[in-house]
Asker: 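Have a look at this one before I ask anything.
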There are 2 protein chains.
Amino acid sequence: MAADRPLRSDARRNRDRVLRAAQEVFGESGFDVPLDEIATRAGVGAGTVYRHFPTKEALFQAVVADRVAGLIADAQRRATEADPGVAFFDFLARLGAEGAAKRDTSDAIAVPGPLRDELHDALAVLLQRAQHAGAVRADITAADLVALFKGLLDVAHEADDPGRAGRVLALVIDGLRLPRL
Amino acid sequence: MAADRPLRSDARRNRDRVLRAAQEVFGESGFDVPLDEIATRAGVGAGTVYRHFPTKEALFQAVVADRVAGLIADAQRRATEADPGVAFFDFLARLGAEGAAKRDTSDAIAVPGPLRDELHDALAVLLQRAQHAGAVRADITAADLVALFKGLLDVAHEADDPGRAGRVLALVIDGLRLPRL
DNA sequence: GAAGATACGGAACGGTTGCCCCGGTTAGCA
DNA sequence: TGCTAACCGGGGCAACCGTTCCGTATCTTC
């Protein structure tokens, strides 16, 4: 069990490269890219990736953890805002923007794990507040919302039409608002 | 080129079994089931499936062609109804019910092919009539709608919660209706 | 009921995919 | 300058699946 001796300079450099490449590649193509893609992009052999991260999944977590944590913090912050409806829909917009920009968002929010649960909980709070205030239809659940968003993001990313993401997102947002108000 | 000599009795029986099993299995699990699953369910070897259908895809088409043709006919019939909004939403309800019941519907409507295009066209007519009548938001396209429905069906089928399908479908339907009316 | 054609079953094949490890080599550090 | 951490990337390996092959069983016909 070597103590955490400081990394050799090239090792540190390569670790950074791998992380940066993983951010890019996961962001463009989601979790389901071959690991070689990341290694190549980093200018590094596949073996080097495994020297720094025990599994592909660990690498993915390392990449998305910050982002998901940011989303959670954002959701919790907004939960204290005055207008529950505005808070909820602003957060959804943020989530939509994030998802449109980074393809791995969909995997990040849906893959089981402690962070996902935390995000789920934070979203549930926002949702319930908004529903209680009558700003959002009452029948939908937080789990529905997560699943629906994941589906939407996948639809949007598969599309050849770049405008689709915005249109379907707007449609769902409008569907969430209470009808006849 | 053997003329279409009548099939041997066991051959005819097995062909029916395969078709029936394929209907069930594709309906439960979509196109992405191993072919062996179908063969087993039919009580037949994989070779027998290939004696009757040249490829897995051909078998799938044989299974869904009727259903898609029915959908197309339904759409075309409704295109002549008096109220374009009612016609459109009734058809969507039919599509949703079909999709909720049979998991392969999602593949059937999305996989390229002449039937898909025909369905697409028929749906476009319904949609445009409804949009022109002001019953449906104007920004959405027929391609959006097909993609969105495919996504919704996938979301619904992955869910553990059996009520989710109905809730998200209702949400999207409401989102399609013009806001503030 | 026997001969010949037809069809069957399911093991084996071949292609693909993609995670991960190993063996020889390079390059940093003392 | 030598020792060791780290690199590279080809390939092992396991899983998965569509398809084919061929020895065997079953049906049809005479």
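The figures here come from the full heavy-atom set of this structure, side chains too, leaving out hydrogens, waters and symmetry mates. Chain A is the first sequence line, chain B the second, and so forth, proteins listed ahead of strands; every chain is numbered from 1. This one's a predicted model, so the numbers in the text were calculated from it and none came from an experiment.
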Asker: Which angle, to the nearest 10 degrees, lies between the helix axes at the two ends of the helix from C:dG1-D:dC30 to C:dA30-D:dT1, each defined by five pairs?
Answerer: 10°
Asker: Excluding sequence neighbours, so at least two apart, what forms side chain to side chain contact (heavy atoms under 4.5 Å, CB included) with B:H120?
Answerer: B:A142, B:A143, B:V146
Asker: Exactly one of B:V64, B:V63, B:V18 should register a side-chain contact (heavy atoms from CB on, under 4.5 Å) with B:Q23. Which one does?
Answerer: B:V63
Asker: Got a sec? Which of residues 23-34 of chain B come in under 4.0 Å of DNA chain D, heavy atoms?
Answerer: B:V33, B:P34
Asker: Using a 4.0 Å heavy-atom cut-off, does B:N14 contact any base of the nucleic acid, only the sugar-phosphate backbone, or nothing at all?
Answerer: sugar-phosphate
Asker: From the options A:L92, A:L176, A:V136, select the one residue that forms a side-chain contact (heavy atoms from CB on, under 4.5 Å) with A:L127.
Answerer: A:V136
Asker: For residues 157-178 of chain B, pull every pair meeting side-chain hydrogen bond (donor to acceptor under 3.5 Å, both in side chains), keeping only residues two or more places apart or in separate chains.
Answerer: A:R137-B:D174, A:D144-B:R164, A:D144-B:R167, B:D161-B:R167
Asker: Looking at residues at least two apart in the chain, or sitting in another chain, which of them share a side chain to side chain contact (heavy atoms under 4.5 Å, CB included) with B:L169?
Answerer: B:F149, B:L152, B:I173
Asker: Just the atom pairs and distances: protein N or O near nucleotides 25-27 of chain C's N or O, under 3.5 Å.
Answerer:
none

Asker: By ring-ring contact (aromatic ring centres under 6.0 Å, His included), which residues pair with B:F60, not counting sequence neighbours?
Answerer: B:F26, B:F31
Asker: Under 4.0 Å between a side-chain N/O of B:Y50 and OP1 or OP2 of D:dT20, yes or no?
Answerer: no
Asker: Take the protein atom NE2 of B:H52 and the nucleotide atom C1' of C:dA7, then report the distance between them rounded to whole Å.
Answerer: 8 Å
Asker: Taking only N/O atoms, report every protein-nucleotides 14-16 of chain C pair under 3.5 Å with atom names and distance.
Answerer:
none

Asker: So which of residues 38-46 of chain B are in contact with DNA chain D, with a heavy-atom cut-off of under 4.0 Å?
Answerer: none
Asker: Listed by chain and number, what are the side chain to side chain contact (heavy atoms under 4.5 Å, CB included) partners of B:D36, not counting sequence neighbours?
Answerer: B:A46
Asker: Write out all pairs satisfying side-chain hydrogen bond (donor to acceptor under 3.5 Å, both in side chains) with one or both partners inside residues 96-116 of chain A, taking only residues at least two apart or from two chains.
Answerer: A:R67-A:D104, A:R67-A:T105, A:R94-A:E98, A:S106-A:K150, A:S106-A:D154
Asker: For residues 68-114 of chain B, which residue pairs pass the ring-ring contact (aromatic ring centres under 6.0 Å, His included) check, not counting sequence neighbours?
Answerer: none
Asker: Walk me through whether B:E28 and B:E37 qualify under side chain to side chain contact (heavy atoms under 4.5 Å, CB included).
Answerer: CA-CA 11 Å; B:E28 289 164 18; B:E37 188 85 22; over 6 Å; no
